[in-house]
Amino acid sequence: MSIPDKQIVLKTVGEEYDCILSNVKRKQIMYQGVSAGKKLILCTPSSKLHPQGQGWFDLTIKQVEILDDSDIAILAVRLEGNKIYYINFKELRELMTPDIMLENSREGKHWKIYVWGNYIKVQGNEKEFYVQPEVLGQY
């Protein structure tokens, strides 16, 4: 099973928002653009599927600050099995409180986010954020 290439996400979001996306300096999975005069930030992490059946990724405090500082914030999670979850980050952000941040030497302060079939969970918060993936190659 493969993880969708981020170029697919860049093309889809660029067309949807009629903008050209460029890489945020020193952030491999973050892109910026301007759509109808509004600052757009796209973050597109990827994950393989783990034995428990979910994918997971971390969002660092710096990545979240960049997303918070935009007018339009999109999280496009690329998951093994050719799935892409397009999420309005401003809505998911409500589940990411400071008291549930984790910290380690590699990522610093961050949130761990789990992606299940039709919902996302932020570690430490019991609420489920429901979302349906786009599955590539199925028409």
Side-chain angles (χ1 to χ4, degrees):
M1 289 198 290
S2 63
I3 295 173
D5 187 272
K6 62 184 162 186
Q7 294 303 318
I8 295 167
V9 171
L10 291 172
K11 182 177 184 294
T12 300
V13 172
E15 288 174 357
E16 175 81 19
Y17 288 88
D18 191 27
C19 69
I20 297 168
L21 295 162
S22 61
N23 197 243
V24 174
K25 192 182 283 188
R26 295 188 306 275
K27 301 292 177 202
Q28 292 182 16
I29 60 169
M30 298 194 75
Y31 298 85
Q32 60 192 350
V34 177
S35 174
K38 295 183 176 189
K39 181 179 178 181
L40 182 147
I41 296 290
L42 166 67
C43 181
T44 183
S46 64
S47 177
K48 63 180 185 173
L49 285 175
H50 297 277
Q52 300 85 353
Q54 90 283 4
W56 66 265
F57 61 95
D58 296 331
L59 282 180
T60 66
I61 195 159
K62 183 63 181 167
Q63 290 168 322
V64 169
E65 286 171 351
I66 292 169
L67 286 159
D68 284 346
D69 190 40
S70 67
D71 299 307
I72 303 165
I74 302 166
L75 187 61
V77 182
R78 296 171 292 120
L79 195 63
E80 190 174 38
N82 274 333
K83 294 178 182 175
I84 304 173
Y85 293 79
Y86 289 99
I87 300 152
N88 177 340
F89 179 75
K90 305 263 185 199
E91 292 175 6
L92 180 66
R93 178 69 170 96
E94 295 173 15
L95 303 181
M96 300 168 61
T97 56
D99 60 309
I100 59 173
M101 272 196 292
L102 304 169
E103 187 169 7
N104 64 33
S105 59
R106 188 164 160 245
E107 290 96 3
K109 289 187 175 186
H110 66 280
W111 288 268
K112 186 168 292 300
I113 300 174
Y114 294 95
V115 183
W116 295 89
N118 64 347
Y119 67 91
I120 291 175
K121 285 192 76 156
V122 179
Q123 183 175 320
N125 189 323
E126 290 304 311
K127 290 184 181 171
E128 296 173 350
F129 184 89
Y130 290 94
V131 62
Q132 288 297 318
E134 177 180 310
V135 181
L136 302 179
Q138 290 186 351
Y139 298 95

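In this text, all values refer to a predicted model and were calculated from it rather than measured experimentally.
Note on Val34: it does not cluster hydrophobically with Leu10, by side-chain heavy-atom contacts below 4.5 Å among ILVMFWY residues. Linking Ile, Leu, Val, Met, Phe, Trp and Tyr whenever their side-chain heavy atoms come within less than 4.5 Å puts Ile66 and Met96 in one cluster. Neither Ile113 nor Tyr119 shares a network with the other; the hydrophobic side chains, linked directly or stepwise wherever heavy atoms of I, L, V, M, F, W or Y lie under 4.5 Å apart, form separate groups for each. Both Trp116 and Tyr130 belong to a single network of hydrophobic side chains, linked directly or stepwise wherever heavy atoms of I, L, V, M, F, W or Y lie under 4.5 Å apart.
Contact annotation: the side chain of Glu80 never approaches that of Ser2 to less than 4.5 Å [non-hydrogen atoms, C-beta and beyond]. Side chains of Thr60 and Val64 form no contact here, defined as non-hydrogen atoms less than 4.5 Å apart. Side-chain contact between Leu49 and Gln54: absent, with no pair of heavy atoms (C-beta onward) separated by less than 4.5 Å. With a 4.5 Å cut-off on side-chain heavy atoms, Ile3 and Ser47 do not count as touching. Taking 4.5 Å as the limit, every side-chain heavy atom of Met101 sits out of range of all side-chain heavy atoms of His110. Side-chain contact between Val13 and Tyr31 is absent, with no heavy-atom pair separated by less than 4.5 Å. Phe129 is listed as a side-chain neighbour of Glu91, based on a closest heavy-atom distance under 4.5 Å. You'll find the side chain of Val77 stays beyond 4.5 Å of the side chain of Ile84, heavy atoms only.
Summarising the geometry of Val135 relative to Gly81, their closest heavy-atom pair is CG1-O, 4.3 Å, with the distance given to 0.1 Å. Annotation for Ser70 and Ile41: closest pair CB-CG1, 3.4 Å, computed over non-hydrogen atoms.
Using a 4.0 Å cut-off between charged nitrogen and carboxylate oxygen, Lys112 and Asp58 count as a salt-bridge pair. A salt bridge is defined here as a Lys NZ or Arg NE, NH1 or NH2 lying under 4.0 Å from an Asp or Glu carboxylate O, and Asp69 with Lys39 meets this definition.
Between Trp56 and Tyr114, the two ring planes are tilted [angle within 30° to 60°].
Note that the NZ atom of Lys6 and the CG atom of Leu21 stand 12.5 Å from one another [nearest 0.5 Å]. If you take CZ on Arg93 and CG on Leu75, they are separated by 12.0 Å, rounding to the nearest 0.5 Å. One distance of note links NZ of Lys62 with CZ of Arg26; it measures 8.5 Å at 0.5 Å rounding. One finds the CG atom of Asn88 at 8.5 Å from the NZ atom of Lys90 (value rounded to the nearest 0.5 Å). Interatomic distance, CD1 of Ile29 versus CZ of Phe57, reported as 8.0 Å (0.5 Å rounding). Ile74 CD1 to Tyr17 OH: the interatomic distance, rounded to the nearest 0.5 Å, is 4.0 Å.
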Can you check side-chain contact (heavy atoms from CB on, under 4.5 Å) on Leu102 and Gln123, steps first, answer last? CA-CA 9 Å; Leu102 304 169; Gln123 183 175 320; 3.9 Å; yes
Going through the checks in order, is the side-chain contact (heavy atoms from CB on, under 4.5 Å) test met by Tyr86 and Val9? CA-CA 9 Å; Tyr86 289 99; Val9 171; 4.0 Å; yes
Full working for side-chain contact (heavy atoms from CB on, under 4.5 Å) between Ile120 and Glu128: CA-CA 6 Å; Ile120 291 175; Glu128 296 173 350; over 6 Å; no
Carefully, step by step, assess Glu107 and Asn104 under the rule side-chain contact (heavy atoms from CB on, under 4.5 Å). CA-CA 6 Å; Glu107 290 96 3; Asn104 64 33; 2.6 Å; yes
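With Arg78 contributing its side chain and Thr44 its backbone, the two residues share a donor-acceptor pair below 3.5 Å. Under the 3.5 Å distance criterion, the side-chain polar atoms of Lys83 are left unmatched by any main-chain donor or acceptor of Glu134. No donor-acceptor pair under 3.5 Å is formed between the side chain of Tyr85 and the backbone N or O of Leu79. In this structure, Asn125 contributes its side chain and Lys127 its backbone to a donor-acceptor pair below 3.5 Å.
For Glu103, the CD atom sits in a packed shell: over 12 heavy atoms of surrounding residues, nucleotides or ligands are nearer than 6.0 Å. Within 6.0 Å of CD1 on Ile100 lie more than 12 heavy atoms contributed by other residues, nucleotides or ligands. Counting heavy atoms of neighbouring residues, nucleotides and ligands inside a 6.0 Å radius, atom CG of Asp18 does not exceed 12 of them.
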